[in-house]
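Below: one structure, written as structure tokens.
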Amino acid sequence: MYIHLDCNNFFVSCELVSRPELKGTPVVVANNNDNNGGIILALNQEAKAVGLKRGNPIFQVTKIIEQNKVTVIDVHHQLYRDISHHIMDEVRETEMVLDFVQYSVDEFFGMMPDDDPVRLREYLQRLKDLILRKTDIPVSCGAGLSYTLAKTATWFAKHYPAYQGICIMSGEQREKALSMLDIKDVWGIGRRSFKRLAELGIQTALDFANRKEAWVKRLFGVNGVRTWKELNGVPAITIASHDRQKSIMYSRTFAHMTSSKEVLMRELSNYASSAARRMREQQSLCQTVTLFLATNRHRQDLAQYSADETLRLSAATDDSTLIIKAVEKLLESLFRENYQYKQAGVILGQLQSNKSVQLDLFAINDLDEKERHKRLMQAIDGINKRFGKNHIHFAIQGSEADFSDQPAGFMRPKKVES
DNA sequence: TCTGGGGTCCTAGGACCC
DNA sequence: TCTGGGGTCCTAGGACCC
């Protein structure tokens with residue numbers, strides 16, 4: 001049997017670890033909160049109960065928030081990454097999960113060489129208890145004959161309190177479960193497919209699973225067929241190991257728009273620097289650097305512009321100086337005067353291991369230079385690890401007061417963390 | 001009159017996920 | 001006033017090869 005574990009309301013649960021007094025009260029996590037902008041990214045049961053939804057712009061629901069004394073917390077992505085690492089490490093250490101594979105920041109899959117429902121339930125209960133004890137994060141879990149069915153089981157575990165957070169979907173229960181599952185809630189069916197399926201009269205997961213394979217292939221391609229097989233209890237999906245990403249993105253929506261190239265460059269150099277640091281942490285090099293810019297698409301009264309461009313480096317690198325230089329070059333190419341920019345980001349692409357480097361043909365005599373850069377990066381990371389993020393930085397990143405460690409906003413004083 | 005048949009690689013954009 | 005940030009994979013079409 002495939003098993004699946006998923007943290008409950010992950011972002012909110014992470015915040016409640018350090019603010020336990022808020023447990024039992026409505027809490028949401030939003031971005032750009034201190035600017036009264038932003039949207040709801042995550043919410044707990046209590047917040048859902050008063051009518052809030054993921055994706056609500058804060059300014060549209062201020063009344064509900066005030067009337068119900070909802071606590072709104074600013075998002076802390078790094079905290080969630082750290083807690084995620086903690087959870088995954090704890091689970092790995094127990095060696096309880098066969099074929100462990102992390103799927104996202106807050107969920108993972110595994111296998112269980114047993115389909116006895118009683119033993120499976122005990123086993124999942126032990127995992128669930130372990131994670132709660134070690135990290136204070138509640139999880140829900142499911143088991144089924146494929147990844148998709150295991151994830152479906154977790155969906156039932158979350159939506160039906162009677163399961164108490166654990167749902168085992170045996171082969172016999174499969175059809176009944178799928179007949180109760182709306183097709184839009186199936187993993188792999190997004191908004192587009194849902195719309196087409198609705199037009200074709202397909203309402204439940206079972207309706208879909210009962211169609212012929214050729215029909216599915218014709219209308220929904222290979223991915224559709226994979227989902228179809230999985231729903232029928234035939235494993236068809238492989239999940240790539242999460243330990244080495246293929247790209248790293250760092251982007252922000254700004255609290256205030258800007259039309260200044262200098263301001264953009266300062267922000268972007270910070271994003272590049274943060275992305276490069278994360279890349280070095282996972283011991284990768286990037287071969288490409290992408291930059292994108294966009295105006296506020298919600299402001300129809302303003303001129304719109306968005307663009308992106310990718311620069312291929314002559315050799316893969318993890319050197320912040322080279323990456324920042326690439327970003328400067330890209331900004332030079334993409335920037336247009338007289339637009340109000342609202343969003344920008346840097347993507348480091350085609351990541352590869354730093355263990356096997358393809359040398360730059362034209363820099364082959366520059367090994368000393370390479371070594372010096374490498375040591376420079378190590379020194380910068382070491383200092384910042386010891387004295388705090390951005391303790392030392394490149395001049396182009398701006399003065400300390402400019403750093404927006406938290407989601408966006410120019411000129412906001414740096415938050416000091418003890 | 002009549003203009004092939006087979007490949008590979010790259011990229012942009014779509015669709016999906018959390 | 002105010003509308004997220006991060007990823008993956010697939011496919012179609014263009015450019016190129018013989």
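Naming: A, B, ... by sequence-line order, numbering from 1 per chain.
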Only stems of 3 or more consecutive Watson-Crick or G-U pairs count here, both distances under 3.5 Å; name the ones for DNA chain B, or none. B:5-18 with C:5-18
Can you see if the side chain of A:T253 gets near the phosphate of C:dG4 - specifically, an N or O under 4.0 Å from OP1 or OP2? yes
Between A:R299 and C:dT3, is there a contact of a side-chain N or O with OP1 or OP2 at under 4.0 Å? no
Does B:dA15 have OP1 or OP2 sitting under 4.0 Å from an N or O in the side chain of A:N223? no
With respect to the phosphate group of B:dC16, does any side-chain polar atom (N or O) of A:S193 fall under 4.0 Å of OP1 or OP2? yes
Checking all strands, does A:V186 fall into the base, sugar-phosphate, or nothing category for heavy-atom contacts under 4.0 angstrom? sugar-phosphate
Inter-nucleotide C1' distance (C:dC17, B:dG4), Å rounded: 15 Å
Do any side-chain nitrogens or oxygens of A:S104 fall under 4.0 Å of OP1 or OP2 in C:dG7? no
What nucleic acid atoms does A:S247 come within less than 4.0 Å of, heavy atoms only: base, sugar-phosphate, or nothing? sugar-phosphate
So how far is it from A:T135 OG1 to A:D89 CG, rounded to the nearest 0.5 Å? 11.5 Å
Criterion ring-ring contact (aromatic ring centres under 6.0 Å, His included) against A:Y103, the qualifying member of A:F108, A:W187, A:Y2: A:W187
Quick one: is C:dC2 close enough that its OP1 or OP2 comes under 4.0 Å of any side-chain N or O from A:K342? no
A:K355 and A:Q283: side chain donor to acceptor below 3.5 Å: yes
Residues two or more places apart in sequence or in another chain: which of them pass ring-ring contact (aromatic ring centres under 6.0 Å, His included) with A:Y123? none
Indicate whether the side chain of A:S140 and that of A:N8 have a donor and an acceptor atom separated by less than 3.5 Å. yes
Does A:S251 place a side-chain N or O at less than 4.0 Å from the phosphate oxygens OP1/OP2 of C:dG4? no
Look at A:R278 and C:dG7 and indicate whether a side-chain polar atom (N or O) is within less than 4.0 Å of OP1 or OP2. yes
Along DNA chain C (nearest heavy atom to each residue), the more 5'-positioned of A:I248 and A:H298: A:H298
Please determine if A:R196 forms a cation-pi arrangement with A:F220, meaning its NZ or CZ atom is less than 6.0 Å from the six-membered ring centre and no more than 45° off the ring axis. yes
Would you say A:H4 and A:T154 are linked by a side-chain donor-acceptor pair, where the criterion is simply a distance under 3.5 Å? yes
I want to confirm an ordering. Mapping A:K217 and A:Q60 to their closest nucleotides on DNA chain C, which one lands closer to the 5' end? A:Q60
